[in-house]
Amino acid sequence: MRLSRFFLPTLREDPAEAEVVSHKLMLRAGMIRKLASGIYSYLPLGLRALRKVENIVREEMNRAGALEVLLPLVQPAELWQETGRWKDYGKELLRFKDRKDHDFCLGPTHEEVITDLVRREVRSYRDLPLILYQIAPKFRDEIRPRFGIMRAREFLMKDAYSFDADEEGLKVSYQRMYEAYERIFTRCGLRFRAVLADTGAIGGSESHEFMVLAETGEDRLALCEACGYAANVELAEGQAYFVYPQEEEKPLEKVSTPGVRSVEEVSAFLGVPPSKLVKTLLYRAGEEVVAVLIRGDLELNEVKLRNLLGVAEVEMADPETVERITRAPVGFAGPVGLSGVRVLADLSVRGLRNFVTGANEVEAHYVNVNYGRDFPEPEFHDLRVVTEGDPCPRCGRLLAITRGIEVGHIFKLGTKYSRPMRATFLDREGQERPLVMGCYGIGIGRTVAAAIEQNHDEAGIVFPREIAPFEALILTLGPDPDLLEASERLYRELSGAGIEVLWDDRDERPGVKFKDADLIGLPYQVIVGRRFRETGEVELKERATGRRETLSPEALPSRLKT
RNA sequence: CGGGGCGUAGCGCAGCCUGGCAGCGCACCUGCCUUGGGAGCAGGGGGUCGGCGGUUCAAAUCCGCCCGCCCCGACCA
């Protein structure tokens, strides 16, 4: 492709709207443009990178025995009512009516549609296992679209669904997909980890997320280098017991703490470390309000709380509720004398003696609080976010916390959808049984963004070879006819050798061409300039390393093929 | 949805506080010149100042309402 005929609007400056590198670079490199919040157009260069990832995914899905289909984006409400998700999915599901006033939605995911398809066609265990997938747009009306294409509302996703006769079969399908995912992200040139994950709104029993390791990732991961344990901190298990020194119980004392509310303030005011404080957090879970006690220096894990309470959603109680229950403004809640709510406590509180809590009274805290004596022993559960240096729940060594970008997520669904939708088959004994399902997603655009997040420098993108929009860029430095002629010959030869090559034949000065070349980050730059005039040779620059070599034009095709 | 910020030429921004010519850099067009890291000179085109309403002799600027976008939190590929 000749650059003079290509559509590549590069930007010299960072766009004001972009914050993270991948977003800035994708805009600057002319890969994407925004149409509305979370809604993007792909320009030719961006689309080529997207297609590269898409093709890797397609190849590996096919290799794993999955079959490609294409499912509708627009879906009737009736299907979603069958599984109850028309009510449960919330505002992320974009709903609308057609001209006949029938309810529809844009598909944020396709469990309902695929289950409907399969229940109509699959009758027998002989048809199983079956894995279907598609690579198609999804629409999720995200609360806060972010980071460009990384969290878009409309995005391209690969979603696969497995159907098996039993749990054993599901295990095999799941493993097969897990391995395909490892191959996919490896081929995309990414450093990633598969981690245990919460199943969230999709549901099911077991789940792994594939996380690209990057500082800008929205997720935190707990990793144990000793035994390989890896989990999203959302569900990484906190250690069972903290061992506290045995202290004598001291007498309960109420102290005045004027204007002092937060853990830091109380800690500084009383001269007591945060780990000697116990926070009392009030949460609303549906109709119920619960109080959760947790050590002052630790963070409550809302996912664990949600799963413990068996509800879809928990949220911090609003100030009015806090005041009604504690009879004090926010900042002074405590377990002593608290009534009318269920009191839960993180394991970090077990065994802790003589701690500090709010006194349920304006500007007052209790010191030397002890459960069992000053208030009833609470229910202890693992409710905290694990932190750096926590022991690994498997082997007890220290956990490290890193950040990651979720590019893939796989779930064992079981019969969560097949049962309500009555997707059944007849087993060998002629028994009707529900299909056992799994589902497997990959964010295609997100994978491109994550790859850029992980592979760039000050000058621009450094595309991993397998997903680069082109393999090489020929830079013709100067308007001389002989340079142009030689460049064109090279361009034809490389193209003819099956190498995807872009030729910067624009009438621009060398500096402009070099800057754009580094910005768009193709793996190789072929420089036809001064050296060619002198010796008839061209220069090959590797984008990733900056390494340059000089060689004859004839030697180039075979050099680039290795 | 809560909190913070921003909307002025294609992009990046100044002007707004203190009302009175709509500006700067880059990009774009023409000519000359230049060709190994975003050249130079000369000339030129491009604006509902996010929208609507109000105040005023006069509004980008002051006031009100609305819209859009970005960032931080809860959701997710």
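All values below were derived from every heavy atom in this structure, side-chain atoms included, with hydrogens, water molecules and symmetry-related copies excluded. This one's a predicted model, so the numbers in the text were calculated from it and none came from an experiment. We name chains A, B, ... by the order of the sequence lines, and we start the count at 1 in each one.
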Between B/C16 and B/U55 - P atom distance, rounded Å = 25 Å
Sugar-phosphate, base or nothing in reach of A/Glu17, heavy atoms under 4.0 Å = sugar-phosphate
Between the base of B/G37 and the side chain of A/Arg530, is there a donor-acceptor distance below 3.5 Å?
-> no
Compare side-chain N and O positions of A/Arg12 against OP1 and OP2 of B/A27 and report whether any pair is under 4.0 Å apart.
-> yes
Take atom P in B/G51 and the same atom in B/U8, then report the distance between them in whole Å.
-> 10 Å
Please work out if A/Ala36 contacts a base, only the sugar-phosphate, or nothing of the nucleic acid, heavy-atom cut-off 4.0 Å.
-> sugar-phosphate
C1' atom, B/C57 versus B/C52: distance in rounded Å?
-> 23 Å
Please tell me which of the listed nucleotides, B/A74, B/A77, B/G12, lies nearest to the side chain of A/Glu302?
-> B/A74
Aromatic plane relationship, A/Tyr89 with A/Trp80 - under 30° parallel, 30 to 60° tilted, over 60° perpendicular = perpendicular
Let me know, please, whether A/Val20 or A/Ala16 comes out on the 5' side of the other along RNA chain B by nearest nucleotide.
-> A/Ala16
Could you tell me if the ring centre of A/Phe6 sits under 6.0 Å from that of A/Phe470?
-> yes
Among B/G36, B/C75, B/C71, the one nearest any side-chain atom of A/Arg531 is B/G36
What is the nucleic acid contact for A/Tyr440, judged by heavy atoms within less than 4.0 Å: base, sugar-phosphate only, or nothing?
-> nothing
Report, as yes or no, whether the 6.0 Å neighbourhood of atom CZ on A/Arg48 holds more than 12 heavy atoms from other residues, nucleotides or ligands.
-> yes
How would you label the contact of A/Ala449 with the nucleic acid (heavy atoms, under 4.0 Å): base, sugar-phosphate, or nothing?
-> nothing
Which base sits across from B/U34 as a Watson-Crick or G-U pair, both distances under 3.5 Å?
-> none
Base, sugar-phosphate, or nothing for A/Lys138, non-hydrogen atoms under 4.0 angstrom?
-> nothing
Indicate, with a heavy-atom threshold strictly under 4.0 Å, whether A/Arg506 touches base, sugar-phosphate, or nothing.
-> nothing
Compute whether any side-chain donor of one residue and acceptor of the other, for A/Glu406 and A/His409, lie under 3.5 angstrom apart.
-> yes
Sugar-phosphate, base or nothing in reach of A/Val407, heavy atoms under 4.0 Å = sugar-phosphate
Touch class at under 4.0 angstrom, heavy-atom based, for A/Glu209 against every strand present | nothing
Watson-Crick or G-U wobble mate for B/C76, both contacts under 3.5 Å = none
Does A/Phe155 stack onto the base of B/A77, taking stacking as ring centres under 5.5 Å apart and planes under 30° apart?
-> yes
Does B/C21 have a Watson-Crick or wobble partner in any strand here, with both distances under 3.5 angstrom, and which is it?
-> none
Within a reach of under 6.0 Å around CZ of A/Arg151, are more than 12 heavy atoms found that belong to other residues, nucleotides or ligands?
-> yes
Between the base of B/G36 and the side chain of A/Glu539, is there a donor-acceptor distance below 3.5 Å?
-> yes
Pairing nucleotide - B/C28, Watson-Crick or G-U, each distance under 3.5 Å | B/G44
A/Ile184 versus A/Val53: any side-chain heavy-atom pair under 4.5 Å?
-> no
May I ask you to verify if any side-chain N or O of A/Arg306 is less than 4.0 angstrom from the OP1 or OP2 atom of B/C75?
-> yes
Please check if the distance between the ring centroids of A/His208 and A/Tyr178 is under 6.0 Å.
-> yes
Could you work out which one of B/C71, B/G37, B/U35 sits closest to the side chain of A/Arg509?
-> B/U35
Ignoring hydrogens and angles, answer whether the base of B/C76 and the side-chain atoms of A/Arg140 contain a donor-acceptor pair closer than 3.5 Å.
-> no
Quote, to the nearest angstrom, the P distance that separates B/G25 from B/C71.
-> 31 Å
Determine the contact category for A/Pro479: base if any of its heavy atoms lies under 4.0 Å from a base atom, sugar-phosphate if only primed atoms, P, OP1 or OP2 are that close, otherwise nothing.
-> base
Where does the angle between the aromatic ring planes of A/His23 and A/Tyr40 fall among parallel (under 30°), tilted (30 to 60°) and perpendicular (over 60°)?
-> perpendicular
Would you indicate which nucleotide in B/C11, B/C71, B/U35 comes nearest to any side-chain atom of A/Glu13?
-> B/C11
Have a look at A/Met316 and say if it touches a base, only the backbone sugar-phosphate, or nothing, with a 4.0 Å heavy-atom cut-off.
-> nothing
Please work out if A/Gly443 contacts a base, only the sugar-phosphate, or nothing of the nucleic acid, heavy-atom cut-off 4.0 Å.
-> base
From B/A77, B/C28, B/C75, pick the nucleotide closest to the side chain of A/Glu406?
-> B/A77
Considering only heavy atoms and no angle criterion, is a donor-acceptor pair shorter than 3.5 Å present between the side chain of A/Asp14 and the base of B/G12?
-> no
Just checking A/Asp518: base, sugar-phosphate only, or nothing, at a heavy-atom cut-off of under 4.0 Å?
-> base
Which listed nucleotide (B/G36, B/C76, B/C1) is nearest to the side chain of A/Pro510?
-> B/G36
Taking only side-chain nitrogens and oxygens of A/Ser37, does any of them come within less than 4.0 Å of OP1 or OP2 of B/C70?
-> yes
Please determine, for the side chain of A/Lys541, which listed nucleotide (B/U35, B/G36, B/G37) has the closest atom?
-> B/G37
Can you tell me if the side-chain N/O atoms of A/Arg144 get under 4.0 Å from OP1 or OP2 in B/C72?
-> yes
How far does the C1' atom of B/C75 sit from the matching atom of B/C17, given to the nearest Å?
-> 41 Å
For B/G4 and B/G43, measure between their P atoms and round to the nearest Å.
-> 49 Å
Same-atom distance (P) from B/G7 to B/U35, integer angstrom = 43 Å
Of A/Leu35 and A/Asp480, the one whose nearest nucleotide on RNA chain B sits closer to the 5' end is A/Asp480
Measure the acute angle between the ring planes of A/Tyr181 and A/Phe210, then classify it against the limits of 30° and 60° as parallel, tilted or perpendicular.
-> tilted
Rounded distance in Å - CG (A/Leu94) to C1' (B/C76) | 16 Å
NA contact type, A/Leu156, heavy-atom cut-off 4.0 Å: base, sugar-phosphate, or nothing?
-> nothing
Taking any strand in view, what nucleotide pairs with B/G64 in a Watson-Crick or G-U wobble way, both distances under 3.5 Å?
-> B/C52
Have a look at A/Gly408 and say if it touches a base, only the backbone sugar-phosphate, or nothing, with a 4.0 Å heavy-atom cut-off.
-> sugar-phosphate
Using the C1' atom in both, what is the distance from B/U56 to B/G40, to the nearest Å?
-> 48 Å
Side-chain donor/acceptor of A/Arg28 to base of B/C11, under 3.5 Å = no
